[in-house]
S.K.: 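Structure provided below as structure tokens; questions to follow.
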Amino acid sequence: MNKGARRAQWQVARDVTVQYLSHRGLEDAHWLGQVRIRLPDRFSPEGTRAVMVTPMRRDGNICGIQQAFIDEDGQKLDRKMLGRKGVIRLPPPPEASPLPITRSAQEKDMLLLGEGFETTAVAIQASGLPGIVAYDVGVVQKWAMEQAEAAHKPANRGTAVPVIGFLVDRDINKVGQRGARDAISSLDEVGLAARYLEPSIQVIGGSKGADWADARQELGPDGIRAALTQCIDQQNNLAAYRETHSHEVDAALALPDDHKRASGIAAVVPYMSPRQVNRALEDPYWVVRLNTLYTLQMAGRTEEIDRTHAKNLVEDKIPAINKRAVAAFQDRFAPYPSKKKEVSMQQPSISTDPNDSRDVAAILGLPDNTNFDNPIPPQTLRQYPRMEASLKAQDETWYQAGLYADNKGQLKGTVSITNKGQSLDERHKVEYEAKNDKKGRPFLHAKVQIPDRPDVHVFVRPDDKSEVAMVSFTELKNRKHQQIEGQGGTLKPNDAARTNGAKDKTIQVIGEKLGVNYLEGPAPDKEKRQYPRMESALKAQDGTWYTAGVYADKDGQLKATVRINHQETGLDEHHKVSFEEREGSSSGRYYSAKIEREDKPSVFMNVQAPTMKDGDIRIARTDFTEFHPEEEDKNKRFDRIQGQGGWLKPNEAMLTKGDKDHTMQFMREKLLVDPVKQVEQAKAKAKGVER
């Protein structure tokens with residue numbers, strides 16, 4: 001009697017399990033062999049008639065199980081896991097025919113990867129492709145990371161790896177989608193192919209979202225097969241499209257000039273793979289990161305940014321990046337709620353609205369009404385002084401070196417190694433050391449350490465006539481330097497360095513260390529021509545001088561040349577700026593310009609005419625304020641530079657030209673300042689001083 005009752009229980013358990021699988025569209029003949037059935041116990045929910053058990057494996061060994069509790073109607077009551085999480089590989093039914101999908105030359109097989117057993121099983125059955133059940137999105141991400149780590153091992157290099165098709169759950173909270181994209185990014189970083197397979201919007205699903213199991217229920221066996229075929233074909237075509245244009249993206253990301261690299265981002269973002277997106281978002285130059293985020297926002301592709309890079313953008317110290325990242329990822333991170341704050345139109349400061357293009361405009365020094373189809377218009381790019389050299393090796397590999405001298409006179413730079421045919425794209429930062437060879441001739445040396453490849457050494461030497469410097473590259477093999485033969489290698493100053501001429505620090509340092517003069521000759525010793533200017537000088541409390549020559553051009557645009565120098569520290573900077581008219585809440589009309597500095601905080605320069613005492617002539621002055629975007633307290637971001645001086649005075653050339661001078665006209669009309677009367681008052685006061 002006990003055996004008969006037991007057999008009856010087992011038969012009920014088997015029947016309700018078959019019914020459950022049938023409800024999910026799974027053929028019991030195949031899938032019953034992939035699961036185990038046990039009877040309910042005292043820990044099972046009330047009404048349980050069978051427990052369907054599927055194993056979870058790690059390194060081939062069972063590490064845990066998943067239990068689905070099924071009632072007498074073949075419906076799932078609950079689901080529980082025991083042990084550690086793992087995965088299980090499932091074969092397709094023997095009679096299932098693989099999908100007629102299009103494949104590129106690199107794609108031989110496809111392996112499906114899904115979160116749930118039933119979701120993955122229905123996709124395997126419909127496609128005829130093998131698959132892996134990962135049970136939840138966390139295991140999906142971990143499995144992808146393990147595959148990426150395994151791909152680095154020497155024993156696995158060159159091994160044929162199938163394309164991984166991620167069966168994405170279209171969750172309402174987007175957890176499944178983001179987890180799949182993070183996993184795809186991990187595989188893409190090591191060159192493994194992956195496809196993002198999400199059910200189309202015609203699959204409604206339930207209150208929490210939709211998955212491929214819902215697609216089977218709503219579309220039927222033929223419908224899910226057609227939907228999978230279409231989705232895989234679309235993703236294969238997208239991958240082929242990106243592969244075709246991959247070299248364009250690599251070329252843009254490999255540009256040694258920061259500003260050229262930033263301006264090229266907008267044109268190539270549509271072609272970017274996850275690996276290339278990550279590279280752009282890790283770029284040391286903040287404008288590249290900003291432009292990548294901006295163009296992804298405009299294309300509606302911010303969901304493709306994985307959690308790690310999204311978090312880095314949210315925590316970025318650059319306000320323009322931080323504000324846009326908060327707006328784009330505010331639903332991902334609880335500690336970073338939405339920042340919605342209205343800004344008074346009377347305050348001409350940087351906008352705090354993350355959807356307002358003026359935050360980018362202010363940071364980049366552009367007018368507020370700029371049309372931001374591309375936040376970095378090419379005409380606004382600023383080129384920094386550099387010495388540059390390129391060498392094309394015999395195997396078509398390009399070696400490019402850029403040198404510059406920092407404020408302390410230390411020569412630094414970047415070395416780029418690219419080869420489109422070999423998908424080689426590297427960029428390294430180096431520091432140069434001045435040395436002498438055995439004959440006492442000077443040269444510069446830098447070392448590029450490359451993982452898994454011989455180190456590359458860079459040498460900069462003067463030519464026989466000491467007219468130019470030549471850059472050569474060697475690879476260190478068996479403790480011997482092997483010269484990289486090729487065309488080019490002449491070190492030349494870029495346009496910005498040529499414009500600065502003798503004032504350029506890099507040209508000066510190259511001349512001191514290598515004896516090479518990149519100037520046509522010393523400037524003639526004659527008095528410089530004086531142009532009409534309003535001039536000011538402010539000495540800060542730390543001894544730094546801020547001197548400026550302010551003038552209005554023929555179009556009435558106020559401009560200035562600014563010098564920031566400190567003799568003891570060797571600081572000597574020269575900048576050209578253009579001013580924008582602004583209206584202050586208390587000070588009235590004033591003019592503001594932003595001075596971008598390398599490796600130092602930006603400085604805002606204002607020209608205004610403060611209120612004077614009764615009887616005094618109105619005089620204009622210049623003020624300087626350092627901008628610190630990393631400060632969390634907005635009140636501490638702008639630090640006014642305190643010091644003596646700053647009053648604007650007309651020079652002799654301006655007084656000589658008189659009313660015909662554009663600057664004279666500008667001062668009188670815009671700032672209500674009369675430079676002629678200003679000088680007359682100063683002379684009158686000087687006469688009345690007892691000496």
Side-chain angles (χ1 to χ4, degrees), residues 348 365-369 379-380 382 499-503 523-539 545-565 573-584 587-595 603-624 645-689:
L366 302 175
D368 289 348
N369 61 353
Q379 63 269 23
T380 65
R382 176 186 172 190
T499 302
N500 287 349
K503 299 176 182 178
D525 187 13
K526 63 179 182 180
E527 185 178 356
K528 293 183 179 180
R529 177 185 175 186
Q530 189 183 54
Y531 292 92
R533 295 284 190 271
M534 293 287 288
E535 299 174 345
S536 73
L538 183 145
K539 185 179 182 181
W545 281 93
Y546 295 80
T547 55
V550 180
Y551 65 95
D553 62 15
K554 62 181 180 179
D555 297 323
Q557 172 67 47
L558 191 65
K559 299 181 178 181
T561 56
V562 183
R563 182 182 181 186
I564 306 175
N565 70 306
E573 301 177 10
H574 295 261
H575 305 275
K576 293 183 178 181
V577 295
S578 296
F579 292 86
E580 292 182 14
E581 182 178 325
R582 300 188 183 277
E583 194 72 27
S587 58
R589 179 187 296 167
Y590 70 99
Y591 294 83
S592 180
K594 185 178 182 182
I595 302 172
V603 173
F604 283 91
M605 175 183 175
N606 295 331
V607 174
Q608 56 190 340
T611 304
M612 306 297 292
K613 297 179 181 179
D614 293 339
D616 285 342
I617 299 297
R618 190 178 175 93
I619 303 175
R621 67 169 293 116
T622 57
D623 294 316
F624 297 87
W647 297 102
L648 278 166
K649 302 175 183 178
N651 62 8
E652 291 296 331
M654 182 175 172
L655 294 173
T656 301
K657 199 169 184 180
D659 295 341
K660 297 180 181 180
D661 181 58
H662 297 297
T663 309
M664 182 79 73
Q665 299 169 8
F666 185 95
M667 288 291 170
R668 288 172 174 173
E669 295 174 5
K670 300 293 185 179
L671 291 175
L672 305 180
V673 171
D674 191 330
V676 176
K677 291 183 178 180
Q678 175 183 338
V679 173
E680 291 176 353
Q681 177 179 270
K683 290 180 178 180
K685 288 184 176 181
K687 290 181 179 179
V689 175

S.K.: Does any part of the side chain of Glu535, heavy atoms only, come nearer than 4.5 Å to the side chain of Lys649, both counted from C-beta?
M.R.: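 Not in contact.
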
S.K.: Using atom types as modelled and distance alone, determine if a side-chain donor or acceptor of Asn651 lies under 3.5 Å from a backbone N or O of Tyr531.
M.R.: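 Yes, because the side chain of Asn651 sits within donor-acceptor range (under 3.5 Å) of the backbone of Tyr531.
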
S.K.: Testing Phe579, Tyr591, Tyr551 one by one against Phe666 for a ring-ring contact (aromatic ring centres under 6.0 Å, His included), which residue passes?
M.R.: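 Answer to the ring-ring contact (aromatic ring centres under 6.0 Å, His included) test with Phe666 among Phe579, Tyr591, Tyr551: Tyr591.
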
S.K.: Do Tyr590 and Asp623 have side chains that get closer than 4.5 Å, going by heavy atoms?
M.R.: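 Sidechains of Asp623 and Tyr590: no contact.
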
S.K.: Is the shortest heavy-atom distance from the side chain of Asp553 to the side chain of His662 under 4.5 Å?
M.R.: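 Sidechains of His662 and Asp553: no contact.
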
S.K.: Determine the minimum heavy-atom distance between Val673 and Ala620, stating which atoms define it.
M.R.: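 Taking every non-hydrogen atom into account, CG2-N, 3.9 Å.
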
S.K.: Going through the checks in order, is the side chain to side chain contact (heavy atoms under 4.5 Å, CB included) test met by Thr622 and Tyr546?
M.R.: CA-CA 9 Å; Thr622 57; Tyr546 295 80; over 6 Å; no

S.K.: Less than 4.5 Å apart, any side-chain heavy atom of Val676 and any of Arg668?
M.R.: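 With C-beta onward as the side chain, the pair touches.
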
S.K.: Distance from Lys677 atom NZ to Ile617 atom CD1, nearest 0.5 Å?
M.R.: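 Separation between the atoms: 6.0 Å.
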
S.K.: Measure the shortest side-chain to side-chain distance between Ser592 and Glu580 over non-hydrogen atoms and say whether it is less than 4.5 angstrom.
M.R.: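 A side-chain contact is absent here, since even the closest heavy-atom pair is not under 4.5 Å.
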
S.K.: Measure across Arg589 and Lys670 and return the closest heavy-atom pair with its distance rounded to 0.1 Å.
M.R.: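 In terms of heavy atoms, the two residues are closest at NH1-O, 3.1 Å.
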
S.K.: Considering only heavy atoms from C-beta outward, does the side chain of Thr663 approach that of Val550 to under 4.5 Å?
M.R.: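 SC-SC contact between Thr663 and Val550 ruled out.
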
S.K.: Which heavy-atom pair separates Leu671 from Arg618 by the least distance, and what is that distance?
M.R.: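 Taking Leu671 first and Arg618 second, the nearest heavy atoms are O-NE, 2.8 Å.
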
S.K.: What pair of heavy atoms forms the shortest contact from Ala560 to Met605, and how long is it?
M.R.: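 Closest heavy-atom pair between Ala560 and Met605: CB-CE, 4.4 Å.
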
S.K.: What's the separation between atom CG in Asn565 and atom CD in Glu573, rounded to the nearest 0.5 Å?
M.R.: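 Asn565 CG to Glu573 CD: 9.5 Å, rounded to 0.5 Å.
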
S.K.: Does a side-chain heavy-atom distance below 4.5 Å link Gln678 with Met534?
M.R.: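 Contact flag for Gln678/Met534 side chains = yes.
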
S.K.: Looking at CG of Asp674 and CD of Gln681, how far apart are the two atoms once the value is rounded to the nearest 0.5 Å?
M.R.: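 The distance works out to 11.0 Å.
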
S.K.: So which atom in Ala537 and which in Thr547 form the shortest heavy-atom distance, rounded to 0.1 Å?
M.R.: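 In terms of heavy atoms, the two residues are closest at CB-CG2, 3.8 Å.
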
S.K.: Looking only at non-hydrogen atoms, find the nearest pair between Ala653 and Pro532 and report the distance.
M.R.: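 Closest approach of Ala653 to Pro532: CB-N, 3.8 Å.
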
S.K.: Which value, rounded to the nearest 0.5 Å, describes the distance between Ile595 atom CD1 and His574 atom NE2?
M.R.: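 Rounded to the nearest 0.5 Å, the CD1-NE2 separation comes to 12.5 Å.
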
S.K.: Check whether any side-chain heavy atom of Arg621 lies under 4.5 Å from a side-chain heavy atom of Leu538, and answer yes or no.
M.R.: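 They are in side-chain contact.
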
